[in-house]
Amino acid sequence: MKRKGFIFDLDGVIVDTAKYHFLAWQKLANSIGVEFTHEQNEQLKGVSRVKSLEKILNWGTITLETAEFNALMSKKNEDYLQHIEKMDASEILPDVPRILELLETQNQGIALGSASKNAKVILQKVNLIQKFSAIIDGNGVTKGKPDPEVFLNAAHALSVEPKDCIVFEDATAGVKAANAANMISIGIGDASILHEADYVFKDFTEISSDFIQELIKK
Ligand code: BG6
Ligand code: MG
């Protein structure tokens, strides 16, 4: 059987931490007088911490000195870390373990491709870290999504050609990154938002074992 590379985004794909990022950014934006809607949040999904703050400041036409900028970055992360402090396996999204186990029994490559610098901490908290043979996170890239670097690094770490990789993503920026990497992109979430993906499912409960087998055989 062919060994493909299955690359998972973390926030909003494996765990529902997208809601904690939203709460932390909303609090920060409001604290500096910038309105923050769900539509704006969509544009921050998959985007690095630095780029996210740059966007928020841009929306509020605010310019800051480096020291103030860094202080806000730390504040956001402290707030976020408080939200994730008590996370455990109960916050793994539905059927993620089923898909990981299926891939494992089929000897497929499994990697993480996340923009987050907190990725390893979260995978440890939810007890999934041992499932990933490669972890590329926000500490392992110089260019964030939609640049394909994170997924290309993951493919390299798995020793699988990019064209033989499949990416699961909940963010527009991540789908664009997967497409730019010449990989199969699978959107997890709203099809009207993730329309650039090759396939879209509401969540992993909609992904059948047969579909995974087809991807392996492709
Ligand atoms: C992505 C999230 O996975 O990681 C973004 O979708 C987040 O919302 C980014 O900003 C960076 O995360 P962190 O944990 O390094 O601030
Ligand atoms: Mg995500």
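Starting from 1, each residue takes its place in the sequence as its number. Any value given below was found using the heavy atoms of this structure, including those in side chains, with hydrogens, waters and symmetry copies removed. Counting starts at 1 for both ligands and their atoms, following the listed order. Not measured: the values here are computed from a predicted model.
The option from Lys145, His21, Arg49 that lies nearest to atom 16 (O) of ligand 1, judged by heavy atoms, is Arg49. Selection from Thr17, Asp11, Leu10, Val13 by nearest heavy atom to atom 4 (O) of ligand 1 gives Asp11. The nearest non-hydrogen atom to atom 11 (C) of ligand 1, considering only Ser116, Ser114, Gly113, comes from Ser116.
Between Phe132 and Phe8, the two ring planes are perpendicular [angle over 60°; tilted spans 30° to 60°]. A perpendicular orientation is assigned to the rings of Phe211 and Phe201, their planes being inclined by more than 60° (bins at 30° and 60°).
The number of protein N/O/S atoms found under 2.8 Å from the Mg ion (ligand 2) is 3.
A salt bridge is defined here as a Lys NZ or Arg NE, NH1 or NH2 lying under 4.0 Å from an Asp or Glu carboxylate O, and Lys145 with Asp9 meets this definition. Between Asp164 and Lys2, at least one side-chain N (NZ, or NE/NH1/NH2) sits under 4.0 Å from a carboxylate O, which counts as a salt bridge. Look at Glu42 and Lys45 and you find a salt bridge, because one of the NZ, NE, NH1 or NH2 atoms lies within 4.0 Å of a carboxylate O, short of that distance.
Atom NZ of Lys125 sits about 12.5 Å away from atom OG1 of Thr17, to the nearest 0.5 Å.
Using a 3.5 Å distance cut-off with no hydrogens or angles, the side chains of Ser185 and Asn179 do pair a donor with an acceptor. Looking at Lys76 and His21, their side chains do bring a donor and an acceptor atom within 3.5 Å of each other. No donor-acceptor contact under 3.5 angstrom links the side chains of Ser208 and Asp210, judged on distance only.
Stacking of Lys4 on the aromatic ring of Phe6 is not recorded, the 6.0 Å distance cut-off and the 45° axial limit not both being met.
Note: no N/O pair closer than 3.5 Å links Asp9 and ligand 1 by distance alone.
Protein heavy atom at the shortest distance from atom 7 (C) of ligand 1 is Val47 O, 3.4 Å.
Residue contact check: Lys45 has heavy atoms under 4.0 Å from atoms 6 (O) of ligand 1. Close approach of ligand 1 to Asn118 is summarised as follows: ligand atoms under 4.0 Å from at least one heavy atom of the residue are 13 (P), 14 (O). Taking a cut-off of under 4.0 Å to the non-hydrogen atoms of Lys117, the atoms of ligand 1 that pass are 13 (P), 14 (O), 15 (O).
Transitive grouping of hydrophobic side chains (ILVMFWY, heavy atoms separated by less than 4.5 Å) keeps Ile7 and Leu123 in distinct clusters.
Residue contacts with ligand 1, taken as heavy atom pairs separated by less than 4.0 Å, involve Leu44 solely via the backbone atoms N, CA, C and O.
Distances shorter than 4.0 angstrom occur between a heavy atom of Gly46 and an atom of ligand 1.
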